[in-house]
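As the structure is a prediction and not an experimental result, all values here were calculated from the model.
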Amino acid sequence: MSEPRVIYWFRTDLRLHDSPALQAALDLDPATLWPIFTWDPHYVYRARGGLNRWQFLLDCQNDLSHAITRLNAKSKLFVLREAPQTLLPKLFKAWNVTHLVFEKDTDAYARERDEVVTRAAQEAGVEVIVRSGRTLWDSDQVVARNNGKPTMSISQLQAAGAKVGSIPRPIPAPSRLPDPGEMTLDFEQDPPVVQPDLNSDRRAESDTGYGQIAGPKGDFAIETMEELGFPSATTPHRGGESIALKRLGDIVDNHTYTATFEKPKTNPAQFEPQATTLLSPFLHFGALSVREFYWRVQDVVDSYPGKASSPPTSLTGQLLFRDMYFAAQAALGSVFAQTARNPCCRFIPWHLPSKRDPDTGLITGEYHVDSEQADAWFRRWKAGVTGFPWIDALMRQLRQEGWIHHLGRHSVACFLTRGGCYVDWERGCEVFEELLLDHEPACNAGNWQWLSCTAFFAQYYRCYSPTAFGQSWDKNGDFVRRWVPELKHLEAKYIYEPWTAPIQNQRRAGVRITGDGLTRREAGTYPKPMFDFAKQKAVCMSAMKKAYEIGLHGDDKAVLDGSWRSLFPSPDMADVTGESESGAEGRAGKNREVSTRGKRHASEASSQDGSKKQMRLSFGKQGRECHASK
DNA sequence: TTGCTGGTTGTCTAG
DNA sequence: GCTAGACAACCAGCA
């Protein structure tokens, strides 16, 4: 056999430290190794990405590229601008490749992509080597050890993980890299499918990213924000493996912080510096290995003389949650990120339900406006002008910096869904997908399901207050003053409920509480709250109770064919099927009706069926992993 | 089958 | 300022 000529395909593993896949490539002792990154149109056009996350990705790529060049002056991260499914088969031939090596990626799209690429490699006689390194344990093995079921609790994850084996220790970064070979491009570029472009409204200029496979100068350079048509990012958080390792080092040097960390006790209102590690964006891009993170922390915990915290609240516990969501996604595939067809996700007839592609059954990113009022609430939530300063501060920090504290995410997610607006969690999930630096499809969908009490968590009566919760952490409202400068000079006793401030106090603080935040917002004003929270909380709670009693899940026939309407008191309220346009107009203000009529309906149903468990409808068992036995 | 316990991260009020 | 208990009541796992 000829000497190995290896393509190492970087994807969500933009690092040199602790990369089992890169080590596997080097173990081949190749004569030639091309470190490449394919600029994949799927992520550029079909996944939502805000400016801040694009910048963070480019930071990670640049840092990795410099690190590669430090090991071999002839090498760097070579970026090729074409979909990997079409590009790699051409490269196999053009570069006379013998091996393709990459880290396993269990995201729904990534699996499909990698299957296509792997088949093409096999047809070209190229050996494919894949190693797991993105999670503590291989997610597919976790699922297998969880009886093929998605991991829906930390205890399930821990039990399955223990059966898979011990978490591998990190391996060192390589000390040398082989030369890259010739990089002839004697083939045509397959142009990307540009439409639909979910990121078009963020581009200030036209996207020239696909002008040439090797970039505008033909040197396989890393993309720039200008090349992609994006204006500058606004986040102060920068990416790259070197920053990640420095930050991790600083964290574990503080033994007390590392060993006694308890997530629920960290302050969501703390800023500059934040109360948590801010390492999640690095995990997302693979600029930091999760196993490296785990063992660096665990070693501190093991040697800590005092009482250390333990999972799930400890630092390593946070990583377990990440693995739990990854394994749940690995088991369920694409439907994990939506209600429809997801057997583990409860059906709640939220406002603003998603439209679905009738062919694939997957949500399209568009939604039905079943209530103009709910749509206005959603737009105000998204823009950070709800009139609730705690919520608005968080949403503005998210938009500006791409990061908010986990408990802040809880606050705004609860507020949008079961604890305020009664808007579909998929709407919030999409906004987070766009804005979060650390957006991880599995964790984002899982956390939205958790907070909306549709999966993982069920205590819907525990509801975050948009006023009291922030106040309990930050009595003076410094966090609000930082992000909602309109209220900067308001007295602390009014800062979380500015509408209660007498007009003289508003005048003294230089602010007037008026308007809806969306139309004709005048300088020196802050909007009125968009609803009476106590009332709206009661409406939501009652509606949740009703939906729990009915007990539908995303894969129930009644959910998929729209017949769920006959089971709910207000049958025209919302539509998760997305296939019917009926009932999509103007039903604002019916929430209260839902809650009061819901009680009657529930009691009728109970008396007919005898028990709540029997009330759960069961239509076909295929694919049921979470509630088939009910 | 029944009953109990625990579940990363709620709020409010009385004492 | 702190704590305990009420609020209203979910699910999964286990004995």
When you check the phosphate oxygens OP1 and OP2 of [N], does a side-chain N or O of [X] lie under 4.0 Å from one of them?
X      : N      : answer
A:R462 : C:dA8  : no
A:K545 : C:dA8  : no
A:Q156 : C:dG13 : yes

Does A:R169 make a cation-pi contact with A:W295 (under 6.0 Å, within 45 degrees of the axis)?
yes
Check this for me, if you would: do A:D438 and A:R322 make a salt bridge, where the nitrogen-to-carboxylate-oxygen distance has to be below 4.0 angstrom?
no
Gap between atoms [atom1] and [atom2], on [X] and [N] respectively (whole Å):
X      : N      : atom1 : atom2 : result
A:L407 : B:dT9  : CG    : P     : 10 Å
A:F533 : B:dG10 : CZ    : P     : 13 Å
A:Q318 : B:dT8  : CD    : C1'   : 7 Å
A:Q459 : B:dG10 : CD    : C1'   : 10 Å
A:L552 : C:dC10 : CG    : P     : 17 Å
A:M544 : B:dG10 : CE    : C1'   : 15 Å
A:F457 : C:dC11 : CZ    : P     : 12 Å
A:E549 : C:dC11 : CD    : P     : 10 Å

[Y] versus [X], side-chain donor and acceptor atoms under 3.5 Å:
X      : Y      : value
A:D107 : A:Q329 : yes
A:E426 : A:T339 : yes
A:S465 : A:W390 : no
A:E440 : A:H284 : yes

Starting the side chain at C-beta, find the nucleotide from [options] nearest to [X].
X      : options               : result
A:P312 : B:dT8, B:dT11, C:dA9  : B:dT8
A:H406 : B:dC12, B:dT8, C:dC10 : B:dT8
A:F469 : B:dG10, B:dT8, C:dC11 : B:dG10
A:K475 : B:dT8, C:dG1, C:dC10  : C:dG1
A:A468 : B:dT11, B:dT9, B:dT8  : B:dT11
A:S465 : C:dC11, B:dT11, B:dT8 : B:dT11

Dot-bracket line, read 5' to 3' along DNA chain B, where crossing pairs take [ ] and | marks a partner on another strand, Watson-Crick or G-U under 3.5 Å:
.||||||..||||||
Using atom [atom1] of each nucleotide, how far apart are [N] and [M] to the nearest Å?
N     : M      : atom1 : value
B:dT5 : C:dG5  : P     : 15 Å
C:dA9 : B:dG6  : C1'   : 15 Å
B:dT1 : C:dC14 : C1'   : 13 Å

Evaluation steps, ring-ring contact (aromatic ring centres under 6.0 Å, His included), between A:Y460 and A:Y422:
CA-CA 12 Å; A:Y460 59 78; A:Y422 207 65; over 10 Å; no
Under 4.0 Å between any heavy atoms, over every strand shown, what does A:W450 touch: base, sugar-phosphate, or nothing? Just pick one.
base
Tell me whether the count of non-hydrogen atoms from other residues, nucleotides or ligands lying under 6.0 Å of NZ in A:K382 goes above 12.
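Open: at most 12 neighbouring heavy atoms sit under 6.0 Å from NZ of A:K382.
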